[in-house]
Amino acid sequence: MLLKDRSLVVQKRVVQAASNIYRAGLQWISMIDLPSSDLSNVWQDLSNLKSHVINMIDNDNEGIRTQVIKFMETVILVQTYKGEGGVDRENDMSLEDIPLTLKVTRRRRLEDEAKVLFDLLSRFCHSGNVGCANLMTCMGSLTLIAKFRVSFIEKVLTTLETLTKNIPNSLTPSQSTSVQKNLKLQFLSLLRLPASTEHQQTIGRLLLDIGASNQEIMKALQVLSKNEDSKKLLRSLKRKNDDKDDKKLDKDDIPEKKRCTEGTPSDRHINSIKTWVLEKLSPESITNLIMTFMPKLPSKMPSAFVTNYTPIAAAGTDSHIKHVAKLLAAQICGSDIVIPDLKYITLNDDESLEGVKEEIIKMEEEDILLAQPAELNTNNCQIDPTEAQELSNDALLRVLDTSKIVLSKKFKEVHIKAITKVAVMCSDNFRDMILDYINLDIPKNMNLCLSWLYEEYSVSQGFIKLPTAFRNTLTSEQNYSTVLCSLIRGALNIGDLKEKEDAITTFYFESPFITDDAVDILKEICGDHAFGLFILNELVTKRPPRQLVYLNALLFFTSHKNDKLREIALNFISKLYKNKDLKNIIEEYATFYLGFLRLQLPPDVLFGHETGRLVKSEVWDEDSTTACLYLYFMLMADNYELIHELASVFSNSQGEVKRSIIKLLPQPIQNMPMNSAEMFRLLEDIPKGSETMITRVLHTITEKEIPSTELVSRVKKLYENQIVEVRFLVPIISGLDKKYILNVLPQLIKLNPNVVKEVFNRILGINYSNSNPPVSPAELLIALHTMESDPNDLKYIIKATSLCFAEKTVFTQEILAIVMQNLMDVNPLPTLLMRTVIQSLTTYPRLIAFIMNILQRLILKKVWHQKTQWEGFIKCCQKTKPNSFQVLLQLPPEQLEDVLFQCPEMRKSLLDHVLSFTEVQRSHIRQAIMDVIFGKKMEVPMYQNLKVKCEPVSNTNNQQVLVSKQEKLSPEKISNMKEDELRPPGDCDEDSINGI
């Protein structure tokens, strides 16, 4: 890897590029749709890159450490949530962009890793040997993290506050000054953030500690100048030197109209609460407070506490107790806590007094609302029912609209709790209004949705008891199902596909219970969106109580007409099939669907909108048949025991069903071992009517390999015992010996031509590489000509020989020459000899010289005594003219007369050929032959008007050539002669003609 390159410059550039690579890679994984194995490989590479880069934080080179800090900043930003109040920027990736259904990792894991990296970055700031550049880079990264991820702002402030008092000693004075200036800039940058309002006092104090002026602080607050909290901050800064601890928690997220008072609470108000606190302070109450909050203390003492803590010398004195009471009073006044038995003193400020009363009344009403349902006193309040309904609707709408101004997390929880109480207790009209409000922005109202669902579920399970007056006609279980289904259907109307997927996924993953109606909706979703199948798969593995319901829904899509949905469902089921607890259930479902093929008509369950087959078929066709086979065949590829049930179904099914099974069968059994126990068990107990299927199985497993000896032995035994037909021998034919093959060859060639072709391919080893075929091509063709067969079977032999001639790569002209040479030695001559000779000449015209030699040998064998061969001889001569003229001149006169009688058009050509001879050449032709050719018996002999070629100059060598050409050639000499030597004299060979 380049990270291990010797050049430091290269390493620095690689680390610099790693930030973009990691962000882009994680974004690509979140968006791409690939198999889990491919995504796992990509994620593993990204994780390795991340770990390598982070481990370089201790590198000796300062520049590399700087780039590693920026990389850690990127990882933290990518692997955390944005949160409310943070600064938005373009292309800012966060955990919200990572889908919940991502297999390679989980959001929680990434967030935990980001928190660990943040702690590592914080510790790096406090390191004693950190360099100036690294320290300032680290401070900048922490500030950016707080800017874009407001959830870290408190930790960032704690880290920077500790740094202000513990600047590393390794820095020079000038470097320390630079660090302090950078710290001031970072604090001012944090102060400008809207989310830092709650921490403005802390930031202001720290700025004053490092030398910032009030003018600089005021300038930083110009962005928030319209907020009253800015003024409050300035007043608290002025009082800092008088009483450093006298401060009030700022509640900027509470709307102004709901605050108890504006600005700092009056001293008299604080003193009244202080007096009440002093009355309650006792050793017992202090002990209870300490024991109550002891579990909330961290296991390790925070570094900020260690730095700032100083022992209190006056602890336990009256002055110290009063000081503690005053601090508690300030915090109580600045919070939302209401003290019921406290009598507030009268304030001069009427507005403040009214604010206090308003706040107390509001808090008391909220407590009553959350504690029990409100009831109207009908005796004192007489309102028209229609008007009362309108007022109630308006009130609910105002409550719903307050969500826009409620920013505090605590108040949001109260707001959601109030709405869910109304939704559970009130009428259907209120429920519909709340649903309409939620549907306006479901992703934003997701917390309200889940809170409502859990409230309804608590009522349905009896965890919460509702008064009878608040119960509608539906049962609590029906109410829960109605709400859940309504929310899911509302999520289906979301325009953005990603938001729709996230919302629906959240409902199914985080709802306390998934009803049957919700499962039906999910099945509808799966028909339109593939992510529904991902949800079903996750529900099967992550929600065991109703695992079978989800599994059955997922199995339903394994027979869907849509190829994409079906493949996704089959892929999920194939992984679940490895689970031992689910294996039998999946097999039972697949066997159940396979059993449909025994029926006369396809069942209704295969048709409908859910299956993608809108039109019901009244007969079994390929589509309906394969729908019952997809799942079974996928399972059979992993479990060959299922083939026995398939054979049983095959024997009882219709013709179209059988054809579909035969068509799809090779794929699941292509890797089935031919010596497997299941294969032998199938051969031992063959269901009646399943022979075709078993033959197909044998064909498939022996297609690329020569059949084993054990398999050949078992199939031969079945055939010899007349249990199966001869076609059972086709798959294992290449494993039989030559004698056995030639014995069954007459029966094999009577099969379908396609099957016969497969037989020849297997016999000759065409399908196998590096094989030693039991029968050679020449032996096969000779056996076809010489086999004893009924005359009625001649057509099968002709078709078989034609198949041989079609394989030109196997039956070459050399092979055909050997075959014809051997057939000439058979007595009597084979019936199809001349047909083979003519077909060989048609296939390979270059064999003409050899065929002329065959024709000459046939004259010696008196071929005219066999009618069929004689007719073939004449056709061959007619086809090979003028090369065959020299052969015709060697026939006896009677046979030549018969040839010319059957083929009168050859007489003129033969006469022209003879007249082209010289006088000496013609003198070697018998007079009887000449008479036949010239037609001496005709009234007007043909030769009267013909001119005879002049005799050339005598050549003493002519007689020698003539003698040599007229010698009778034995079969042994013919077989050893070359093509040119076998060519007879004719128009194409002038030298040979001159030699006659």
Margin query: Regarding Arg613 and Asp604, does a basic nitrogen lie under 4.0 Å from an acidic carboxylate oxygen?
Written below: no

Note to self: Do the side chains of Lys875 and Glu871 get close enough for a salt bridge, i.e. N-O under 4.0 angstrom?
What the structure shows: no

Closest approach of [X] to [Y] (non-hydrogen atoms, all atoms of both residues):
{"X": "Met693", "Y": "Leu646", "answer": "SD-CG, 3.9 Å"}
{"X": "Lys738", "Y": "Glu779", "answer": "NZ-OE2, 3.1 Å"}
{"X": "Leu599", "Y": "Gln654", "answer": "O-NE2, 3.6 Å"}
{"X": "Gly872", "Y": "Met834", "answer": "O-CE, 3.6 Å"}
{"X": "Val775", "Y": "Leu780", "answer": "CG1-N, 3.7 Å"}
{"X": "Lys564", "Y": "Ala530", "answer": "CE-CB, 4.4 Å"}

Item checked: Contacts of Glu691 that satisfy side chain to side chain donor-acceptor pair (under 3.5 Å) - sequence neighbours left out -> none

Next item on the list: Output all residues satisfying side chain to side chain donor-acceptor pair (under 3.5 Å) with Glu703, sequence neighbours left out; order by chain, then residue number.
Entry: none

Within this structure, what is the [atom1]-[atom2] distance for the pair [X] and [Y], rounded to the nearest 0.5 Å?
{"X": "Ile815", "Y": "Lys808", "atom1": "CD1", "atom2": "NZ", "result": "15.5 Å"}
{"X": "Leu841", "Y": "Thr836", "atom1": "CG", "atom2": "OG1", "result": "12.5 Å"}
{"X": "Leu554", "Y": "Gln547", "atom1": "CG", "atom2": "CD", "result": "11.5 Å"}
{"X": "Phe873", "Y": "Leu858", "atom1": "CZ", "atom2": "CG", "result": "6.5 Å"}
{"X": "Ile669", "Y": "Leu664", "atom1": "CD1", "atom2": "CG", "result": "11.5 Å"}
{"X": "Leu533", "Y": "Glu567", "atom1": "CG", "atom2": "CD", "result": "12.0 Å"}

Do [X] and [Y] come close enough that some side-chain heavy atom pair is under 4.5 Å?
{"X": "Ile586", "Y": "Leu635", "result": "yes"}
{"X": "Val657", "Y": "Arg598", "result": "no"}
{"X": "Arg835", "Y": "Pro830", "result": "no"}
{"X": "Leu565", "Y": "Cys526", "result": "no"}
{"X": "Ile706", "Y": "Ser734", "result": "yes"}
{"X": "Trp870", "Y": "His865", "result": "no"}
{"X": "Arg762", "Y": "Ile732", "result": "no"}
{"X": "Phe805", "Y": "Leu816", "result": "yes"}

In terms of heavy-atom contacts, does [atom1] of [X] have more than 12 from other residues, nucleotides or ligands at under 6.0 Å?
{"X": "Lys542", "atom1": "NZ", "answer": "yes"}
{"X": "Lys716", "atom1": "NZ", "answer": "yes"}
{"X": "Glu814", "atom1": "CD", "answer": "yes"}

Next item on the list: Compute the centroid of each ring, for Phe531 and then for Phe534, and state whether the two points are separated by less than 6.0 Å.
Entry: no

Next item on the list: Return yes if a side-chain donor-acceptor contact under 3.5 Å exists between Glu587 and Tyr577, otherwise no.
Entry: yes

Note to self: Between Thr692 and Gly689 (side chain of the first, backbone of the second, donor and acceptor by atom type, cut-off under 3.5 Å), is there such a pair?
What the structure shows: no

Check: Can you say whether the rings of Tyr589 and Tyr593 are parallel (under 30°), tilted (30 to 60°) or perpendicular (over 60°)?
Finding: parallel

Checklist line | Face-on cation placement of Arg566 at Phe557 ring, 6.0 Å and 45° thresholds | finding: no

